[in-house]
Student: 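Please read through the structure below; I'll follow up with questions.
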Amino acid sequence: MFEPLHPSTSAIGRTWAGRWLDADDEVPELAAWLEQVCHGAFRQWWADYRVRTDRLRPSTALLRDRVAAIEFARRWRKLWRQRRTGRKRLRRPERLVKLIRANLMLPWLARGFGARCVLLVRHPGAVVESQLRLGGDDWAPVDQLGRYLADPVLGERLPPAYRAVASELANQPASAAALNWCIENELRAADYVSAGVPYVHYEHLQAGDEGAWSLLLASLGLDQRPVIEDLRRPSQQAAVRWDPATSGDWSARLDSATAARIDEVLQAVHARLYRMRDPVPLLALARSGPGTV
């Protein structure tokens, strides 16, 4: 199931996406909803078919804008295609739930809710490049950073270095996206380790690293490893058409000014998982903690 916590598709998402939760927090509303999600009782067009229904409503703008009309038709074709292929998948008894806005509640998910969890981490340059390229209200890094800063629990625990970056650079989309990445992946490193949530690096998985794959499969209780060639194809959200010649080469698409802004943020908050100039994780950390891979 794909991203049921999306804030634009449900009241639960608007309330809980990106929220900080500790392992011992009591949140019965969220726990009851997640029980439904994990047992297949929750149904939603977005989570089931990756189509937002709010974008399927016609408007008078379609009569005046040919490009908008073409995009509107494309969304309906996508819904038809996704529904046709997704119905079989939804009948499966197992549930693998992808949450990309729940990083700050991972200790609660693992210990408080009892879920099997893995934090899948990718190079901040790749993540920021993708978000800035896709754009739209799904990826508005300045707004997202504002939501993080408005969370009273997160606000109390934000280190001074993070606060300084937020006050100085928060109006810059690339800087805001980089700081969001740090909040989501670096800030609670010690909490993830104590909760038993392993870090697994995207770059290691893509390279076929046996240690990374063993940890991922064991942590999620899985026994079947996907074909590596399939993993090198972009996700549905990353690209409509796949070009093997440029697949994964995010650094070639990232201009020097944006790369410099990302690097500035990583250095300011003393990021430990990646350096901007290195396309792979820092091996010493990736092998020994946080997490183990």
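The basis for the numbers below is simple: all heavy atoms, side chains too, and nothing from hydrogens, waters or symmetry mates.
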Student: Please check this pair: side chain of S219 against backbone of L216, looking for a donor-acceptor N/O pair closer than 3.5 Å.
Tutor: no

Student: Does some side-chain heavy atom of R272 sit less than 4.5 Å from a side-chain heavy atom of L282?
Tutor: no

Student: If you look at every heavy atom in V128 and A174, which pair is closest and at what distance?
Tutor: CG1-O, 4.1 Å

Student: Does the side chain of P4 reach to within under 4.5 Å of the side chain of W33, using non-hydrogen atoms?
Tutor: yes

Student: Are the charged groups of R157 and D151 less than 4.0 angstrom apart, N to O?
Tutor: no

Student: Using the rule given for side chain to side chain contact (heavy atoms under 4.5 Å, CB included), can you reason through Y199 versus L273, listing the C-alpha separation, both sets of side-chain angles and the distance that settles it, and then say yes or no?
Tutor: CA-CA 10 Å; Y199 278 74; L273 290 172; 3.4 Å; yes

Student: Side-chain contact, heavy-atom cut-off 4.5 Å: Y162 with E186?
Tutor: yes

Student: Given side chains that start at C-beta, do those of V197 and P107 come closer than 4.5 Å, heavy atoms only?
Tutor: no

Student: Determine the minimum heavy-atom distance between L187 and W20, stating which atoms define it.
Tutor: CD2-CZ3, 3.9 Å

Student: Does anything in residues 108-118 form a side chain to side chain donor-acceptor pair (under 3.5 Å)? List the pairs, not counting sequence neighbours.
Tutor: none

Student: Let me confirm one number: the CG-CG distance from L30 to D25, rounded to the nearest 0.5 Å.
Tutor: 10.5 Å

Student: Quick one: CG on N103 to CG on N180, what's the gap to the nearest 0.5 Å?
Tutor: 11.0 Å

Student: Shortest non-hydrogen contact from E203 to P279?
Tutor: CG-O, 3.7 Å

Student: Of L99, L106, V97, which is the lone residue that meets side chain to side chain contact (heavy atoms under 4.5 Å, CB included) with C117?
Tutor: L106

Student: Is any side-chain heavy atom of R188 closer than 4.5 Å to one of D22?
Tutor: yes

Student: Using 0.5 Å steps for rounding, measure from the CG atom of L220 to the CG atom of L215.
Tutor: 9.0 Å

Student: Show your reasoning for whether side chain to side chain contact (heavy atoms under 4.5 Å, CB included) applies to L205 and L120.
Tutor: CA-CA 10 Å; L205 295 177; L120 182 59; 3.5 Å; yes

Student: Should the ring pair H201 and Y274 be called parallel, tilted or perpendicular, given that the plane angle runs from 0 to 90° and is split at 30 and 60?
Tutor: perpendicular

Student: Quick one: does S167's side chain have a donor or acceptor within less than 3.5 Å of a partner on R163's backbone?
Tutor: yes

Student: Quick one: pull up CZ in R261 and CG in L266 and give me the separation to the nearest 0.5 Å.
Tutor: 14.0 Å

Student: Side chains of W16 and L21: does their closest heavy-atom pair fall under 4.5 Å?
Tutor: yes

Student: Just checking, any donor-acceptor pair under 3.5 angstrom between side chains of D263 and Q267?
Tutor: yes

Student: If you count heavy atoms of other groups shown closer than 6.0 angstrom to CG of D223, is the number above 12?
Tutor: no

Student: Would you confirm whether D209, through its side chain, and H204, through its main-chain N or O, come within 3.5 Å as a donor-acceptor pair?
Tutor: no

Student: Only one of W250, Y202, W181 forms a ring-ring contact (aromatic ring centres under 6.0 Å, His included) with H123, so which one is it?
Tutor: W250

Student: Might you work through the side chain to side chain contact (heavy atoms under 4.5 Å, CB included) test for E264 and L169, ending with a clear yes or no?
Tutor: CA-CA 10 Å; E264 182 181 15; L169 305 173; 3.9 Å; yes

Student: What I'd like to find out is whether the side chain of L34 reaches to under 4.5 Å of the side chain of L109, using heavy atoms alone.
Tutor: yes

Student: Can you give me the closest heavy-atom contact between G125 and L254, atom names plus distance?
Tutor: O-CD2, 4.2 Å

Student: State yes or no: do V142 and V127 share one hydrophobic cluster built from I, L, V, M, F, W and Y residues joined by side-chain heavy-atom distances below 4.5 Å, directly or via other members?
Tutor: no

Student: Which atom pair, heavy atoms only, marks the closest approach of A252 to D249?
Tutor: CB-OD2, 3.0 Å

Student: Can you tell if the side chain of V165 reaches within under 4.5 Å of the side chain of S175, non-hydrogen atoms only?
Tutor: no

Student: Once you round to the nearest 0.5 Å, how far does CD1 of I100 lie from NE2 of H6?
Tutor: 7.0 Å

Student: Got a second to check how far Y148's OH is from D143's CG, nearest 0.5 Å?
Tutor: 12.5 Å

Student: Output, in order, the C-alpha distance, side-chain angles, deciding distance and verdict of side chain to side chain contact (heavy atoms under 4.5 Å, CB included) for E210 and R225.
Tutor: CA-CA 10 Å; E210 290 295 336; R225 173 175 164 172; 3.1 Å; yes

Student: For P141 versus P173, what's the shortest heavy-atom pair and its separation?
Tutor: CG-O, 3.5 Å

